[in-house]
Asks: 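Got a structure for you, questions after.
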Amino acid sequence: MPLLVLQRLVSTIPVLLVVAVIVFLMLRISGDPAAILAGDTATSAQIEAVRQAFGFDRPIWEQFLGWIVQVLQGDLGESLFTGLPVTTLIAQRIEPTLMLALTTIVFSVLVAVPLGVLAAWRSGTWIDRAVMVFAVLGFSVPVFVLGYGFMYVFSIELRLLPVQGYTSPFVDPVAFAQGIILPTLTLSCIYIALIARITRASVLETLNEDYIRTARAKGQVERTVLFRHALRNAAVPIVTVIGLGVALLIGGVVVTESVFNIPGLGRLVVDAITRRDYPIIQGLILFFALIYVVLNLIIDLAYTLLDPRIRY
Amino acid sequence: MTAVVDKTAEGAIPPGDEPTPAPAAPASHLAGTLRRYPLAAFAALVLALIAFGAVFAPLVGTTDPTALNPAARLQGASATHWLGTDHLGRDVWSRLVYGARVSVVVGLAVAALAVVVGLVIGLFTGFIRWLDPIVMRVMDGLMAIPGILLAIALVSVSGASIVTVIAAIVVPEVPRVVRLVRSVVLSVREEPYVEAAVSVGTPLPKLLWRHVLPNCVPPLIVQATYVAASAMLTEAILSFLGAGTPPIVPSWGNMVAEGRLLFQIAPMNLLYPGIALAITILAVNILGDALRDRLDPKLAKRVGQR
Amino acid sequence: MTTHQGDGPVLSIRDLAVALPAGADRRYAVEGVSFDVGPGEIVCVVGESGSGKSVTAFSVMGLLAKGELHAERGQILLEGEDVLKATPERLRDLRGTRMAMIFQEPATALNPVMTIGDQIDEVLQIHTKLSPAERREKVIAIMEAMHLPDPQALYDRYPHQLSGGQRQRVMIAAAMVLDPVILIADEPTTALDVTTQAQILQLIKEMQERRRTGVLFITHDFGVVAEIADKVVVMRYGKVVEQGPAAEIFANPKVAYTRMLIASVPSLEPPTRTAASGEVAVRTRDLVKGYGGKSWLGRATQPSVLAAKDVNLVVRRGETLGVVGESGSGKSTVARCIVRLVDPTSGAIEIAGVDIAGLSTRALTPYRRRVQMVFQDPYRSLNPRRTVGASVMEGPMNFGLPREEALARARRLMSLVGLSPDALDRYPHQFSGGQRQRIAIARALAMEPDVLIADEAVSALDVSVQKQVLELLDQVKREFDLALLFITHDLRVAAQICDRIAVMRRGEVVEEGPTRELFLDPKHEYTRTLLAAAPGRHLGPAVAAE
Amino acid sequence: MTFKLTRRDLLAGAAATAGMSALPFGMGRARAAPSGVLRVIPHASLTILDPVATTGYIVRNHGYLIYDTLFAQDANLEVKPQMASGVEISDDKLTYRISLRDGLAWHDGSPVTAEDCALSLIRWGQVDGMGRRLFSYMESCTHDGTDTIVLKLSRPYGLVLQSIGKLSTNVPFMMPKRMAEKPTSERLTAEEQVGSGPFRFVGSEFRPGARVVYERNPDYVPRDEPASNAAGGKVVHLEGVEWINFPDPNTQLNALMTGEVDYWEQVPADLAPIVAGMPGVKVENFNPLGNMGMARFNSLVGASANPGVRKAIVRALDQTALLQAAVGSPEYYKECFSVFPCETTFANDADAGFIQEPDLEEAKKLLAESGYNGEPFVVLATTDIPVQTNYIQVIVDTMRRMGINVDAQAMDWATVLQRRASKNPIEDGGWNMFVTWWEGADLLDPVVQFAMSAAGDTAWVGWAQDDVIEGLRTEFAEAGSIDDQKEIARKIQSRFFEQNFHAVLGQFFTPTGYRDNVSGILEAPPFFWNIQKS
């Protein structure tokens, strides 16, 4: 098992390398940011000086190798604009994003799984249809429309919750909770839709399995059949989707952080993209990819807990 | 034995020797789907209307959607401007109708491109063993990058145009299609009739074309609808983040992004395109769900997602 | 031990009719079914697919698919109580306590993510108020009674860690733990190997004798019926065609259908055959196929599992070689190696004197034609999206035969296999399993092969159909002077069609010889075990092969 | 692969975030910020912290909070001493001896010396357009003792104090020697934000792109005069100032409405009536000079290198339509038919009719005469700044109607900044036009107005080259009287309407929205002293 974990870890290296190459090339083929850095009134000579100072005049492969060597040493470089190390920026900004992601995942799972099970159990009835229509809606309404809607109702009209901002739960748990509710609701919709659908589909499938019939033949009550037999067996695809959905979640975080003005990683990266702050873009996309890969690795390994048939 | 009984009690018994009634022939799939899913029929009707508007945009009471008239900005609904004007004095109704074109084009183009590219890569990846690990690592890499970020970055570096937006949305969608096709190929590869075709000496291209490809079509049709819906949504999000189609293009995403700034003054300018977008995506998704139930009940499990 | 008081039937089915949903090909899945199961009595309900035997069984348990099937008429009296009228709660109480059921596939009937101890314990949890310790004790006891080895250790294992036979024992343990008065067994041995099947049948008999449980046994296999039945109910198209004591039915079947069914069971008594002397069509030398053993860098290393080990086989033209073995014996692997659907690890495969084991895909092409295969599952071996004609003509056209000629050949072959040439324009789903298998044979023959491999080609078919397909295979073998390699797990079938037989176990050929010799005087211990395990050994007249 | 991002870093990050809210102003539900800290929505996010390295207005505003200047302009645009106690000018007007007032200290506690200030001027003089011009007259910029700065000129120059008292970007802020000695190609970092101004930069709270925190400098000694623009006593009534960046204007609006912020620096003109209508909120324009929109041509390549084409385009542009599209509400824009901001000293009507009465037909004629033959005209079309986007839509529309083959290439502003630096021909990534705006303060006269420079390579992007204009600018700088200067300004404007290195797109105003418990706001650029919050 430990050997296996090691193997799987090693196998993520090519994936991350692919990410690194894609991101690096994509950004560098678009020219260099020297002109932005040099400012509004810079003359051509000044731009050239900046270009040399940052090494944008060197061949691409040389820049790439230099960057990779740096990254391997745990150094993601420094922001071109503020001069702050990218690792510092990530450390500063990770808490709000992490909290938002956590509350969203927890809330979504708590809502979506029972909904999905219910829909599967009552498959074909109006309950099923209602859940599924809600799920389709969750996929269809743009995140920012939801965000504005919630903000309008709960913050502007009812004055119940703040419209924006983030407070750390380690400082003021109440303010944290008030601030995180709307972003969580907003971001959860698509995730709930995703998880509810897969829960329904995979529970529906397990409900057709022979062992469900066996459980009924034993005289088991429906609720236990559903949760103990069906859901447990449906867990692997559900957990898989939760893992794959993290990519979707990160996309949603970007928009949600913008709407609710949460100073997290999503905004850091969007700002960096509009400013061509390459070290931040590269570092953050790599960081997101790393999180995605590691999370899915953990989920892969967790399969063994969910399904004893899976052994590595 | 009937198909109905087959699903239930007698399913466990080895199939018998009485003629099995035919499942519906492929041609009647759509019609059958619509009859069995009234909601889907309604969705199809909505989509047909939208498509009609998009195709015959010049004929449905529209003027030039890009014609500026700053003096007549932010007007309410009137006989000349059915839905009023926007912040540059352009006719909102015309933009809405022409915007359907953009959304339809983006949705269709992304779906078609993602499916074609993904299909080609997936087919060969599934059948050529040495290619598989390489391609799949690249796909894993692409999947690991959050799609929206990848798309914003692509549009930012390559400039905003409909073509780059389409390309930027296609890139993150391709790995999903590849995985889907590959999973179908891997399972079809084990089917006895494929093995039978191998043993009668069918060369690989013919094998893929005749025996494997047709199996990929139903799940791909379903996936294509989802891709189309998600592409329209992504186009709107890109515009929202300022990295979408050029502002001159009357797309719903741009209308939402522009309307957002003046939401407090002219809320309808955001709501019209927002609602149009949501309804279209909803209709596509509903249709996709119905098709999935009909064509490929196991799709959800096979892709692991959507 | 018995909990049933009195001598009346524990289960009595009276005029049962189960309706099919509107639009089905007939109105009732079963109609007018009546029979009794007495205490300690084994009643076998026998019939081919679609006869309604399983619907009957599921009706008793109240497990018919909701909304699709429902009992419209009649009574099902369990110890005098009509279960059709029971509330869902009452029905749940009865299940597991008074009536219990076991299923065909023990692999899927057990929940894969629960330990087997928990799954047996579940019945006690639902229906008793015993303490956990008491429950565990009772579970261990019933596991011991089912002859499961080391119950304490097995308690915490998962189903996938058990063999097929052990899994079915676990199912029976869970069914019997509360001593129901009736056990419903739905094809409980169909998915098992013949030696395991014998053991399970033995176990069921033991239960019935020691606990006086009534057993309602659903099967399609007259061999099994002959082995265990006290009473036989023959069903066809949802109706009971004949019922009576087993001995009577076998000795003197009254209905033609019953007679036909019994006659269709191939005899274990092989006919006398003359040795074939044609040229060698295919020969394997020290054929080895290993699986697994990929290092984590993706390079192949020493295979960890050998599916076939030093297999040496020869098949001559005009000869049928049977390869017999239980699941996992490697018999199918050998077949797939010869067709080169999988690449052998080492050894030689000689077709017409040329070793094709290591040929590249391109170099292999000319030899593809010479070896053709008929697959087990008739529902999956034809592309559902292409016409039968397209499938049959595909091969010859791959080898350059013009369309017209390919079509002519296909029409000829369709007639040969007993189908109308018009069938070429239709799609596979319009045909029955047996018809599809005929089409598959036609497709193979269209290549004009030297060697035909039939991989369990008749095991998915009902006995009556099986017999016809076997006859067809034998006929084409003679007509085209084919070398026929016949892969099967069924000794009865092998006995009737094969000139020689090779018995395989765990990848190795343990014994090979002329069929009659091998049956009458088996040399290897394993061959003897196999022969002993065949159910209803005395059953069935010899089928004249000549 | 291991990142150096350790658990400790993460904890430190969390602790820092915790610390941020541990300040006396935790955010909360619909709560007003506690008194003493002014919560501000700035017009842009602050990332570069070096007011010399870049001309960004946000960096200038940042500079005014933490740095101080030797001289400063008051509300009447007159130059007054600020850090200086006075200046002695020699009779030959070649030597300026500027003495520092007492009690000036850097935020690290060390005293401000004349050497620090001289070096600060030198660093600024290498970059700023007006600074470069000043230093072209400079023989030496040194110090005499700790409190006297000595400027020696090679020949007399009329704008010495106007230059070092410059109101807008780049402002000659005073910095300690160690910072002033940094080469201009290197930027000051977050650790190097040491000034002598009325506020101090709280580096540990700095979240680039999200928030910037300033605290009152308790050791700051303000002048005695009342505050007036950048001049006068910078008396701080607040505990601190917090800049919070909002990516979304709707959220900005909502946050001001619920009192989660106190001060919204630039309310989009369209939203101004709504903001004004909200209870507890006021809207006011503190920048009477406003901004001037500008469409800059590339004078080097393609069709825009042809003065005839440029002239034709300018002839067609209708300021009213442009302003309606870009700004909307007439309350917040003003047609201005001069190259200088209207209602300022040098605004004039020389040849103003050329742009005052746009004429599409005549423009077409001019275009035909210019020899334009349909080559593509590349417009770098900004997508992410609404005012620019709207301007461009009208311009492109007009140009198309003239018959110009416009290639409007949509891109974000960052890309515009990259692309516009290219002198390449059109087919090789070159460009013909982009749109931007300047604050009125940066356009007040032909010398301060960098966009007016026509010195080719050292001019603004677009690389305008015209010896007549350059000559007139020098004449202006050396002119003796205001009246002479006004006359020169008229000549420059006439000449400019011949050459049209850019088109002026009218004047517009960005009102400020603030909670009604905030008072004492000075005229722009936003200054945060003198403000009181009750």
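Everything numeric in this text was worked out from a predicted model, so none of it was measured. Naming convention: chains lettered A, B, ... in sequence-line order (proteins, then strands); numbering from 1 in each chain.
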Asks: Restricting to non-hydrogen atoms, name the atom on B:L233 and the atom on A:S140 that form the minimum distance, rounded to 0.1 Å.
Replies: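 Taking B:L233 first and A:S140 second, the nearest heavy atoms are CD1-O, 3.7 Å.
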
Asks: May I ask you to test the B:R137-A:L17 pair for a side-chain heavy-atom distance under 4.5 Å?
Replies: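 SC-SC contact between B:R137 and A:L17 ruled out.
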
Asks: Contact part of A:V236 toward chain B, heavy-atom cut-off under 4.5 Å: side chain, backbone, both or neither?
Replies: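 A:V236 has no heavy atom closer than 4.5 Å to chain B.
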
Asks: Could you grab the distance from atom CZ of A:R129 to atom CG of B:L39, nearest 0.5 Å is fine?
Replies: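 A:R129 CZ to B:L39 CG: 8.5 Å, rounded to 0.5 Å.
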
Asks: Answer yes or no: is there a side-chain heavy-atom contact under 4.5 Å between B:M143 and A:V19?
Replies: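 Sidechains of A:V19 and B:M143: no contact.
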
Asks: Is any side-chain heavy atom of B:I237 closer than 4.5 Å to one of A:F144?
Replies: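 Yes, close enough: below the 4.5 Å cut-off.
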
Asks: Which residues pass the ring-ring contact (aromatic ring centres under 6.0 Å, His included) test with A:Y152, not counting sequence neighbours?
Replies: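 If we apply the ring-ring contact (aromatic ring centres under 6.0 Å, His included) test to A:Y152, skipping adjacent residues, there are no hits.
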
Asks: With a 4.5 angstrom heavy-atom cut-off, could you sort out which part of A:V270 is near chain B: side chain, backbone, both or neither?
Replies: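 The side chain, not the backbone.
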
Asks: As an exercise, state the distance from CD1 of B:I152 to CD1 of A:I273, rounded to the nearest 0.5 Å.
Replies: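 Between B:I152 CD1 and A:I273 CD1, I get 5.0 Å after rounding to 0.5 Å.
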
Asks: If I take atom CD1 from residue B:I286 and atom CG from residue A:L137, how far apart are they, to the nearest 0.5 angstrom?
Replies: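 Result: 7.5 Å between the selected atoms.
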
Asks: Is the shortest side-chain heavy-atom distance between A:V141 and B:L282 below 4.5 Å?
Replies: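 They are not in side-chain contact.
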
Asks: Provide the closest heavy-atom pair for B:I281 versus A:F139 in the form atom of the first, atom of the second, distance.
Replies: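 The answer is CG2-O, 4.2 Å.
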
Asks: Which one of B:G274, B:A153, B:G288 has the most heavy-atom pairs closer than 4.5 Å to chain A?
Replies: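 Most pairs with chain A among the choices: B:A153.
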
Asks: Identify which of B:L142, B:L150, B:L241, B:I145 forms the greatest number of heavy-atom pairs closer than 4.5 Å to chain A.
Replies: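 Result: the option with the highest number of such pairs is B:I145.
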
Asks: State, yes or no, whether a side-chain contact exists between A:P142 and B:L277 at a heavy-atom distance under 4.5 Å.
Replies: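 The answer is yes, as the side chains (C-beta and beyond) meet within the 4.5 Å cut-off.
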
Asks: Do B:L149 and A:F288 make a side-chain contact, defined as non-hydrogen atoms from C-beta onward lying under 4.5 Å apart?
Replies: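 Sidechains of A:F288 and B:L149: in contact.
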
Asks: Which atom pair, heavy atoms only, marks the closest approach of A:Y292 to B:A144?
Replies: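 The answer is CD2-CA, 3.3 Å.
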
Asks: Which of these passes side-chain contact (heavy atoms from CB on, under 4.5 Å) with B:P146: A:V269, A:L284, A:I250, A:L248?
Replies: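 The residue from A:V269, A:L284, A:I250, A:L248 that satisfies side-chain contact (heavy atoms from CB on, under 4.5 Å) with B:P146 turns out to be A:I250.
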
Asks: Determine whether B:D140 and A:V18 make a side-chain contact, defined as any pair of heavy atoms from C-beta on separated by less than 4.5 Å.
Replies: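 No. Closest side-chain heavy atoms not under 4.5 Å.
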
Asks: Which answer fits B:V284, side chain, backbone, both or neither, if we ask what part of it has an atom under 4.5 Å from a heavy atom of chain A?
Replies: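 Contact with chain A is absent: no heavy atom of B:V284 under 4.5 Å.
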
